[in-house]
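To start, the structure under review is shown below, and the notes come after it.
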Number of protein chains: 2
Amino acid sequence: MANKNKDLRSHCPVNFGLEAFGDKWSLLILRDIVFRAKCTYGDFLKSEEGFSTNILAARLEKLIEEGILEKRPQETDARKDDYVLTQKGLDLIPVLFEIMVWSSKYDPESEARRIPGLIEAITKDNRQVSREAIEMVKARKPLLGAYLRS
Amino acid sequence: MANKNKDLRSHCPVNFGLEAFGDKWSLLILRDIVFRAKCTYGDFLKSEEGFSTNILAARLEKLIEEGILEKRPQETDARKDDYVLTQKGLDLIPVLFEIMVWSSKYDPESEARRIPGLIEAITKDNRQVSREAIEMVKARKPLLGAYLRS
DNA sequence: GATATTTACTTGCAAAATGCAAGTGAAAGT
DNA sequence: ACTTTCACTTGCATTTTGCAAGTAAATATC
């Protein structure tokens, strides 16, 4: 799974990120995993933004190719697979968080405004909160649940 | 300022960001402004990733609609307009920075590895560096120049 | 054990977005 | 006057998206 010889437009660090997850859907999958502890194709499909089945399948495949996600067969139900974040995927949590801080500021109807504690914590120390979030994700606990109750 | 009545897929803060700048090009314009002190259509066109003329025009228009960019006629040359970041646009710098930190870690050929000082500073305190960056952008100085010389 | 249902997709097709080349028109330079 | 620069627009082929429908394997139900 080493060198995927894809031809990048450039090795600018902004562009590298955009080529890996720069579209309207990929980060929503990350969000579902991190905040809602989702992990199967069917779970993602139920998201409020409304994935098309083919688009979801394509994005999952892309994120696996990028090394951001891993696919693991479920032990209890052979029809299902779990999609889990790799370390590379977990390291995107700080990016997710900064987007949330920005949206919280500029979307008056942002759902983020219901969790001011989390937004404030991220603003103060994104990296510290990210470390905690990574542990939550590894433990398969929904991050949102924790902060909605605070 | 006109068309504010766009129907969002949701008010999830991750989704809000994706709908505003979630594509392969928009953040490259931001990068050019922040790091290379570019500000005209022609400047952006010269970027190494190779904008199509129509795509660039469409993205600039979109970012203006989103309130992230502003268009100002140049005083010295009436053919040109300056595209400048609004506060809403400047507040995206922390997002840009987190993407760079991630890419620096996972792209072995990342140009970010030539500016370890900046990456380390962002990792330690993104918000502090962002505040400094905002001042640089307002003063029309290229951020990259400053860190390449350190 | 046969049948129905759930799950994770794939396929077909219309519509939209993208990418390239070639204009266009106003302003600036010569 | 004319040529060039600049910021786009237009036309068109290719690619990607979005929706509906279908499929095949595994599980649940009768």
Side-chain angles (χ1 to χ4, degrees), chain A residues 6-10 15 18-29 32-33 36-66 68-85, chain B residues 3 6-10 15 18-30 32-33 36-66 68-85:
Chain A
K6 37 177 185 178
D7 31 306
L8 293 168
R9 297 181 297 185
S10 80
N15 183 59
L18 291 178
E19 302 221 36
F21 55 79
D23 64 77
K24 292 244 179 296
W25 296 105
S26 294
L27 288 184
L28 292 183
I29 296 172
D32 281 352
I33 295 174
R36 299 160 175 39
K38 294 184 179 183
C39 57
T40 68
Y41 179 91
D43 288 339
F44 301 132
L45 253 199
K46 288 173 202 149
S47 299
E48 53 187 333
E49 289 87 4
F51 281 97
S52 288
T53 56
N54 53 346
I55 300 293
L56 177 56
R59 288 295 169 277
L60 288 169
E61 194 183 353
K62 172 93 186 307
L63 289 171
I64 289 167
E65 271 173 30
E66 296 289 345
I68 289 169
L69 282 183
E70 257 180 46
K71 196 178 188 173
R72 292 184 197 160
Q74 272 196 5
E75 293 170 9
T76 51
D77 188 337
R79 291 171 303 177
K80 298 185 184 180
D81 298 290
D82 280 354
Y83 291 93
V84 295
L85 289 172
Chain B
N3 208 358
K6 38 177 184 176
D7 31 302
L8 294 168
R9 297 182 297 188
S10 80
N15 184 59
L18 292 178
E19 302 220 37
F21 55 79
D23 63 77
K24 292 243 179 294
W25 297 104
S26 294
L27 289 184
L28 292 183
I29 296 173
L30 279 262
D32 281 352
I33 296 173
R36 297 156 173 47
K38 293 185 180 181
C39 57
T40 68
Y41 178 91
D43 288 340
F44 301 132
L45 253 200
K46 289 173 202 148
S47 299
E48 53 188 332
E49 290 86 3
F51 281 97
S52 289
T53 56
N54 54 347
I55 300 292
L56 177 56
R59 287 294 169 280
L60 288 169
E61 194 183 354
K62 171 95 188 302
L63 289 171
I64 288 167
E65 273 173 28
E66 295 290 345
I68 288 168
L69 282 184
E70 256 180 46
K71 195 179 188 172
R72 292 185 196 159
Q74 271 195 8
E75 293 169 10
T76 51
D77 188 337
R79 290 171 305 178
K80 298 184 183 179
D81 298 291
D82 280 355
Y83 292 93
V84 295
L85 288 172

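None of these values were measured; they are calculated from a predicted model. To find a chain, count down the sequence lines: A is the first, B the second, and so on, and within it residues start at 1.
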A:E75 atom CD, neighbour heavy-atom count above 12 within 6.0 Å: no

Listed partners of A:D82 passing side-chain hydrogen bond (donor to acceptor under 3.5 Å, both in side chains), at least two apart: A:Q74, A:R140

Below 4.0 Å: OP1/OP2 of [N] and any side-chain N or O of [X]:
| X | N | answer |
| --- | --- | --- |
| B:Y41 | D:dT5 | no |
| B:Y83 | D:dA7 | no |
| B:W25 | C:dG19 | yes |

Expected output: side-chain B:Y41 to main-chain B:T53 donor-acceptor under 3.5 Å: yes

Donor-acceptor pair under 3.5 Å, A:R79 side chain vs C:dT6 base: yes

Base of C:dT10 paired with side chain of A:T53 (donor-acceptor, under 3.5 Å): yes

Rounded to the nearest Å, what distance is computed from the [atom1] atom of residue [X] to the [atom2] atom of nucleotide [N]?
| X | N | atom1 | atom2 | result |
| --- | --- | --- | --- | --- |
| A:K62 | C:dC9 | NZ | P | 18 Å |
| B:I55 | C:dC20 | CD1 | P | 10 Å |
| B:F44 | D:dC8 | CZ | P | 11 Å |
| A:L45 | D:dG18 | CG | P | 13 Å |
| A:K24 | C:dA17 | NZ | C1' | 11 Å |

Comparing A:N54 and B:K46 on DNA chain D - which has the more 5′ nearest nucleotide: B:K46

Sole candidate of B:F44, B:W25, B:F51 that passes side chain to side chain contact (heavy atoms under 4.5 Å, CB included) when paired with B:L60: B:F44

Closest-nucleotide 5' rank along DNA chain C - winner of A:R9 and A:K71: A:K71

